[in-house]
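Given the structure is predicted, the values throughout are model-derived calculations rather than measurements.
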Amino acid sequence: MFLALKKSRLCKNCCILSKQSILTANSVVRNHGLTSHRNENVRSISTGVPRFSHGTDRWSEDFQQYGLTFDSISSKPPKDARVVICGGGIMGAAVAYQLAQRGWGQHTVLIEKGRIGEGNPWHFSGLLGELKPTYSQVLLAQTSLELIKEFDRKGLPTGWKQTGSLNLARTRDRMTMFRRMKSQSVAWNVECELVAPERCKELCPIIETDDLIGGLWIPNDGIGNPNAFGQSLVKESLEKGVTVVENCSVVKINQHNGRVKSVDTTNGSVECVYFVNCAGFWARQVGQLSEPYVKVPLHAAEHYYLHTKPIYELESSIPVVRDLDGHIYFRENNGCLLAGGFETKAKPAYEDGDIPASIAERKLPADWDHFHPLLEELLHRIPTLKEATLERLSNCPEAFSPDCKWIIGEAPEIQNYLVAAGMKTVGMSAAAGVGRAIADIITQGYSSVDLHELDISRFLGLHNNRKFLRDRVREVPGLHYDMNYPFYEFRTGRNLRMSPIFPALKEAGAVFSQVMGYERPAWFDKKHSLDEKGVPKFKIASTDGFGKPHWFDHVQREYENCRERIGLSDYSTFTKIDLWSKGREVVDLLQYLCSNDVDQPVGSIVHTGMHNRHGGYENDCSLARLSENHYMMIAPTVQQARCKAWIDRHLTPGGRVSVSDVTSMFTAICIMGPFTRILLSELTDTDLSPKSFPFFTCKELDVGLANGIRALNLTHTGELGYVLYIPNEFALHVYTKLMEAGQKYGIKHCGYYAMRTLRVEKFFAFWGQDLDTFTTPLECGRMWRVKFDKGVDFIGRDALLKQREKGVERMYIQLLINDHDPDIDLWCWGGEPIYRNGVYCGQTTTTAYGFTFKKQICLGFVKNLDFKGKPLPVTNDFVLNGDYEVEIAGIRYPAKANLHSPNLPTKYPDQEREAYKATRDKSDDSSLLAYNKW
């Protein structure tokens, strides 16, 4: 984004014309030895007399510069179309462009309630970077950068300038984070370099470096103008047949039988097949224009952009600088400095829910007191800023999601209703990539990028509560530049979803993590469980470092209890879905959705995947057959909305199969360890012997004085034990009985971190951590759970058969790290690159310290890449004949690869426990091409 220096001239790329500004100095405040002149819109930083800028917050765009004319833009939508896009900003324009590229231009309508290009030049930073927190976000950002550069080569306005970006580190932990990012960059194809403070000074001479330890230099990053790029997208879309409608508001999205049917606007109705909510700042309000509502959890927070007047001899080539420990950034802007930041405690905007109706009204007076901490950091990092004259401080609120991630995908409430929102100030960096993903979903039914971490179905209704969003938005913006420690826990929106045994767990010393709003013990620390008044404290988990964590000893004790005595863990967060029908309809549905054979005897438990057409995991679950036509599905916590939506999309009309989310109806208590059968036998009259109640089966039990308890003989960790699904009214009673009867067996509370270690040691994969929508059973060693011969053409069958014939191009393995001192060396936390024979071959997914192996353990995928990076088939021999290393923050450690779930030594060996292998059940080291004999 380039700001015109002379108000009478037009900037080459963005055509900003400022006509007038009436500024009045209201007060003079002295600070840092500077004279600051303040009014509602401007504050000058100088050493002398106040200087005032001339400009206006209203930006009038010259449409003809981009070939846009009022004749080419409509005021009334057509009566029918295939796709209606709400929002003519950069995101809506990107979706329209990507659809037009696929030949859908004539069938696409882009609706904007104001005017196209109505954005304000003072209200965006234009930072473009490709190194994001996760691989999926990196791919989307790289797609955006490619299109921006392509437009620039064609001469289309984008404001693109390659400046590089320099991230600064003041602390050792920040530098460790940079080293981890550098390691990951190899896998993500991002060029970057670790630099010393002296090099930081060379790259950006205006910064103070005395307090720096180093930095991370990303040379291919740059800056752009979102308004110019957005208009170029619209121009290209118009040329390819897209209908663009201005001054038209969407008032209602209509659905029939759960699918989008039409869109009502202030200028007429449009019959359509797809609706895309790209309303950005207003996406949550647009979500409320349908019945049922579509949840788009966003809330606005104040966000500031500081613009200076031209600075003498300021180099145009200085990079974008991010001082993450100071929570600030700045860039050169046509001879001026543009700066901003993400404060640790943000200020919610429009807390009363009264959202401004237009872009012109989306501005607030600058709160200098709130901005002051960021200003101090800027003055510290850029000493010459004290001599600069301020143009203005703009306060333009931005909308943020509850987890600080983008919101993308098909809404679980209405089919063919898609959302692309919550881009949190980096819309230009995300737009083209997200636009392509949305266009892919519409035109081919799936995205070429795995979007599960960004999918809108990761949210529940509680996340869309306005008061929840208001509280959470105070915390979220600061996460942009916060230290990316493992297992981050939000401090806001807590004590929200709690199982009935939550008070007892808190009293027992639980330190809580949160997932899907549910409080879940991470570990227990009884010693520090009470406050100064003797009342049980609510403690939130934290991991403030990249080495051995402070909770290590607690988790070790809990782990050992689960292995050698009895551990009790709260599993209530797991997704629980009941499915039933009068006839066999539910069996037929599940046979179609699942790759395993679910038509097993009543009382059986079947572990199965639900796959997409490419064989990837849409869900990984356990199905307990409660009766002939009644199943209970247990799925990962994060699947609560997602898996139900997946099932609903495949229900046949007529409502013959009933599907009910019963997650909140049952408290799930898991007891695991060698003495669990003896313990539970004391509390129930049911025969629990292996012959009567074998492994991987279920029964309804009475426990204590309670009845109707669904007991599953499994633990999801590979240990002996049971998961008891207890009606909530009986939960506290059953918990109390278990704890009382278990004392003589050494029962102890155990948290999620111990469960994680147990399953990593046993080589158990979890969806959302190891498995995703692109992972197949052949790749992760679960082919033995796929039943091609069950007589049903289940979803993904053809793709899996083709892959079995062709061979896999990546394989899920377990790595044991050697020559690693857990007390001194940095730990693996996931995402570390894996090297085979010195050549990069994959990345870790889930990691943990194995208390039985007494080593760091990594799960992950490896590939067989040729010298050009093209994947070749991976076999068991390829895996077992390689020498492996795992790179942790720049240091490589040797590792041993395992293909099969290991047998761990124990004082109490058990045939049932050792018989079950979650990964590659058969210990056959033959080629993975020979699956047919399994």
Side-chain angles (χ1 to χ4, degrees), residues 277 279-290 292-303 342-356 364 397-409 411-413 419 421-425 453-480 482 487-500 502-503 506 512-522 538-542 572-573 575 637-642 644-645 661 663-664 768:
N277 182 348
F281 189 77
W282 296 270
R284 182 173 182 269
Q285 284 63 45
V286 171
Q288 296 173 343
L289 299 179
S290 61
Y293 284 1
V294 168
K295 300 179 289 293
V296 188
L298 293 170
H299 197 289
E302 293 188 5
H303 192 65
F342 297 93
E343 58 272 47
T344 55
K345 186 174 182 180
K347 186 178 178 183
Y350 314 114
E351 295 184 62
D352 58 0
D354 187 13
I355 305 296
L364 291 171
E398 290 283 352
F400 296 85
S401 72
D403 59 2
C404 202
K405 295 180 181 179
W406 306 336
I407 302 177
I408 307 171
E413 297 88 351
V419 177
M423 300 302 137
K424 58 178 189 180
T425 79
E453 60 156 328
L454 306 173
D455 197 285
I456 188 172
S457 64
R458 70 186 187 270
F459 297 117
L460 300 173
L462 66 92
H463 295 113
N464 204 38
N465 179 291
R466 187 168 61 82
K467 293 182 179 179
F468 169 86
L469 290 169
R470 178 199 62 197
D471 292 345
R472 178 59 62 83
V473 83
R474 302 178 197 273
E475 180 179 6
V476 163
L479 297 182
H480 280 78
D482 261 356
F487 308 148
Y488 177 79
E489 290 292 331
F490 288 101
R491 324 305 283 185
T492 53
R494 303 303 296 255
N495 285 309
L496 186 55
R497 292 181 84 189
M498 297 169 283
S499 72
F502 171 84
K506 184 169 70 170
F512 290 96
S513 64
Q514 188 190 60
V515 58
M516 296 294 277
Y518 238 123
E519 297 296 344
R520 172 180 66 184
F538 175 70
K539 295 178 292 184
I540 298 176
S542 65
S572 300
T573 65
T575 296
T637 306
V638 295
Q639 281 273 3
Q640 186 170 352
R642 179 188 178 90
K644 188 173 185 300
D661 182 354
T663 300
S664 298

> Are any of the side-chain heavy atoms of Phe342 and Asp482 separated by less than 4.5 Å?
Replying inline: no

> Do Met516 and Thr663 have side chains that get closer than 4.5 Å, going by heavy atoms?
Replying inline: no

>> Angle between ring planes, His303 versus Phe400, binned at 30° and 60°: parallel, tilted or perpendicular?
In response: perpendicular

>> Set out, in order, the CA-CA distance, both residues' side-chain angles and the distance that settles side chain to side chain contact (heavy atoms under 4.5 Å, CB included) for His480 and Cys404, then state yes or no.
In response: CA-CA 8 Å; His480 280 78; Cys404 202; 3.6 Å; yes

>> Using a 3.5 Å distance criterion without hydrogens, assess whether the side chain of Arg470 forms a donor-acceptor pair with backbone atoms of Asn465.
In response: no

> Taking C-beta and beyond as the side chain, do Ile407 and Leu298 meet within less than 4.5 Å on heavy atoms?
Replying inline: yes

> Given Glu475 and Thr492, is the side-chain hydrogen bond (donor to acceptor under 3.5 Å, both in side chains) satisfied, shown in steps?
Replying inline: CA-CA 7 Å; Glu475 180 179 6; Thr492 53; 2.6 Å; yes

> So do Val476 and Ser401 actually touch side chain to side chain, heavy atoms under 4.5 Å?
Replying inline: no

> Listed by chain and number, what are the ring pair (Phe, Tyr, Trp, His ring centres under 6.0 Å) partners of His299, not counting sequence neighbours?
Replying inline: none

>> Once salt bridge (Lys or Arg N to Asp or Glu O under 4.0 Å) is applied, what residue pairs with a partner in residues 294-303 remain, sequence neighbours excluded?
In response: Lys295-Glu413, Glu302-Lys347

> Which atoms form the tightest heavy-atom contact between Leu462 and Gly517, and what is the distance?
Replying inline: CD1-CA, 4.4 Å

> Are Arg284 and Ile355 side-chain neighbours, meaning at least one heavy-atom pair lies under 4.5 Å?
Replying inline: no

> Does Glu519 pair with Arg494 as a salt bridge, N-O distance under 4.0 Å?
Replying inline: yes

> Should Leu469 and Pro402 count as side-chain neighbours, where that means a heavy-atom distance under 4.5 Å?
Replying inline: yes

> Taking side chain as C-beta onward, heavy atoms only, is Gln640 less than 4.5 Å from Lys644?
Replying inline: no

>> With heavy-atom distances below 4.5 Å as the criterion, would you say the side chains of Pro348 and Arg474 are in contact?
In response: yes

>> Just to verify, what does Tyr293 make a ring pair (Phe, Tyr, Trp, His ring centres under 6.0 Å) with, not counting sequence neighbours?
In response: none

